[in-house]
Amino acid sequence: MWTTPTSTTRVLTPDRLSLALRDEIAAVGVSPTLLQIDRLAAYLGLIARWRSRARLTAIADPAEAARLHIADSLLCLRTTFAPGSSVVDVGSGAGLPGVPLAIVRDDLRVTLLEPDRRKAAFLEGAVAELDLRAAVLAVAAEDAGRGRQRESFDIAVARAVAPLVVSCELTLPLVRVGGRVVLLKGPSVTVELGGGRGAARVLGGADLEVSEWTLRGGERRLLVVIRKDHPTPPGYPRRVGVPRKRPLNG
């Protein structure tokens, strides 16, 4: 988890939630339309309804969700997403960052990759209700990277899925040569950068580009971008579970 949510949950009127979304998103340099803000608010409402049933998130406060889910996810847009790019959200969970990206950039072709059946069911419902240009794929990243989705996406995104070395193995095999991986991380990732650089080289990636950003509440975030400059070797990703049990040492 990025942060420990407060114990008291506020109830926001629709107008106040829209205002919170606008302010939190503006703080990360993104300017959604009023219609997009309405859809983001509707998405937060879906998360709230499914939160316990599908074990989506511990964050119940809508103002915190606006910052720690929506604005945080849209930090991805601080790096360039070319119009019409195919994007895979690896370990999508509640749809973060893939759903906010699909709402704010409806030109993107987004695939939400989530192996947990309850979460995938939530995502399918959200995609239908919000009328998103997105697909849900209920398979593990390792299986996708060894199958038809291998090296088929322009961009892979992931948010708080796994340590950096593991995230590299789950994402880089899915990206075509010339594409990129965009990882949203907390400040503790700095101690993982050495291992991440080694793993990225093994898996076809170039050096890591790291930038630091701050959310409106003062939370620090690191955006790690990896360009893919040659094909991933045939032995990667390894079978499901192995990347976490035996992380690459580069």
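Atom NZ of Lys185 sits about 15.5 Å away from atom CD of Glu212, to the nearest 0.5 Å. In this structure, CZ in Arg105 is found 10.0 Å from CD in Gln36, a value given to the nearest 0.5 Å. Atoms CG and CD1, from Leu77 and Ile25 in turn, are 10.0 Å apart once rounded to the nearest 0.5 Å. With values rounded to the nearest 0.5 angstrom, Leu172 atom CG is found 5.0 Å from Ile226 atom CD1. With rounding to the nearest 0.5 angstrom, the CG atom of Leu21 is 12.0 Å from the CZ atom of Arg67.
Between Arg221 and Asp72, at least one side-chain N (NZ, or NE/NH1/NH2) sits under 4.0 Å from a carboxylate O, which counts as a salt bridge.
With sequence neighbours left out, the side-chain hydrogen bond (donor to acceptor under 3.5 Å, both in side chains) criterion links Arg146 to no other residue. With sequence neighbours excluded, the residues that form a side-chain contact (heavy atoms from CB on, under 4.5 Å) with Ala138 are Arg117, Ala120. Taking the side-chain hydrogen bond (donor to acceptor under 3.5 Å, both in side chains) definition, one finds that Thr171 meets it with nothing, sequence neighbours left out. Scored by the side-chain hydrogen bond (donor to acceptor under 3.5 Å, both in side chains) test, Ser86 finds Asp154 as partners (sequence neighbours excluded). With sequence neighbours excluded, no residue satisfies side-chain hydrogen bond (donor to acceptor under 3.5 Å, both in side chains) with Ser188. Residues satisfying the side-chain contact (heavy atoms from CB on, under 4.5 Å) test with Pro100, not counting sequence neighbours, are Leu40, Tyr43, Ile70, Ser73, Leu74, Leu96. The salt bridge (Lys or Arg N to Asp or Glu O under 4.0 Å) test applied to Glu209 returns no partner, not counting sequence neighbours. In terms of the side-chain contact (heavy atoms from CB on, under 4.5 Å) criterion, residue partners of Thr232 (sequence neighbours excluded) are, by chain and number, Arg150, Glu151, Pro173, Leu203, Lys228, Tyr236. Taking the side-chain contact (heavy atoms from CB on, under 4.5 Å) definition, one finds that Val210 meets it with Leu193, Leu208, Leu222, Val224, sequence neighbours left out.
Under the side-chain hydrogen bond (donor to acceptor under 3.5 Å, both in side chains) criterion, no residue pair touches residues 127-145, with sequence neighbours excluded. For residues 186-200, the pairs satisfying salt bridge (charged side-chain N to carboxylate O under 4.0 Å, His left out) are Arg197-Asp207, with sequence neighbours left out.
At a threshold of 4.5 Å between side-chain heavy atoms, the hydrophobic network of Ile, Leu, Val, Met, Phe, Trp and Tyr places Ile155 and Leu75 in one connected group. Cluster annotation: Phe122 and Val161 are assigned to distinct hydrophobic clusters (Ile/Leu/Val/Met/Phe/Trp/Tyr, side-chain heavy-atom contacts under 4.5 Å, transitive). When the side chains of ILVMFWY residues are joined at heavy-atom separations under 4.5 Å, either directly or via intervening members, Val110 and Val182 end up in a single hydrophobic cluster.
Asp107 approaches Pro83 most closely through the heavy-atom pair OD2-CA, 3.1 Å. Nearest heavy-atom pair, Ser18 versus Asp38, reported as atom, atom and distance to 0.1 Å: OG-OD1, 4.2 Å. Between Gly98 and Leu112 the shortest heavy-atom distance is CA-CD2, 3.8 Å. Residues Phe153 and Val87 come closest through the heavy atom pair CD2-C, 4.1 Å. Closest heavy-atom contact between Ala71 and Val28: O-CG2, 3.8 Å. Nearest heavy-atom pair across Leu184 and Cys76 is CD1-SG, 3.5 Å.
With a 4.5 Å cut-off on side-chain heavy atoms, Asp89 and Pro97 count as touching. No side-chain heavy atom of Leu174 sits less than 4.5 Å from a side-chain heavy atom of Ser152. Taking the side chain as every heavy atom from C-beta outward, Asp15 and Leu19 never approach each other to under 4.5 Å. A heavy-atom distance below 4.5 Å is found between the side chains of Val99 and Leu132. Between Val225 and Val181 the shortest side-chain heavy-atom distance does not fall below 4.5 Å.
Using modelled atom types and a 3.5 Å distance limit, the side chains of Arg180 and Thr79 yield a donor-acceptor pair.
Judged by distance alone, the side chain of Glu169 and the main-chain N or O of Arg238 form a donor-acceptor pair under 3.5 Å. Counting only distance, with no hydrogens or angles, the side chain of Arg39 and the backbone of Leu130 share a donor-acceptor pair below 3.5 Å.
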* Under the side chain to side chain contact (heavy atoms under 4.5 Å, CB included) criterion, do Arg159 and His69 qualify, and how do the steps go? -> CA-CA 10 Å; Arg159 175 183 181 267; His69 287 336; 3.6 Å; yes
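Taking Ile, Leu, Val, Met, Phe, Trp and Tyr as members and joining any whose side-chain heavy atoms lie under 4.5 Å apart, directly or through other members, Val240 forms no hydrophobic cluster with any other residue.
The neighbour count for Leu35 CG, taken as heavy atoms of other residues, nucleotides or ligands under 6.0 Å away, is above 12.
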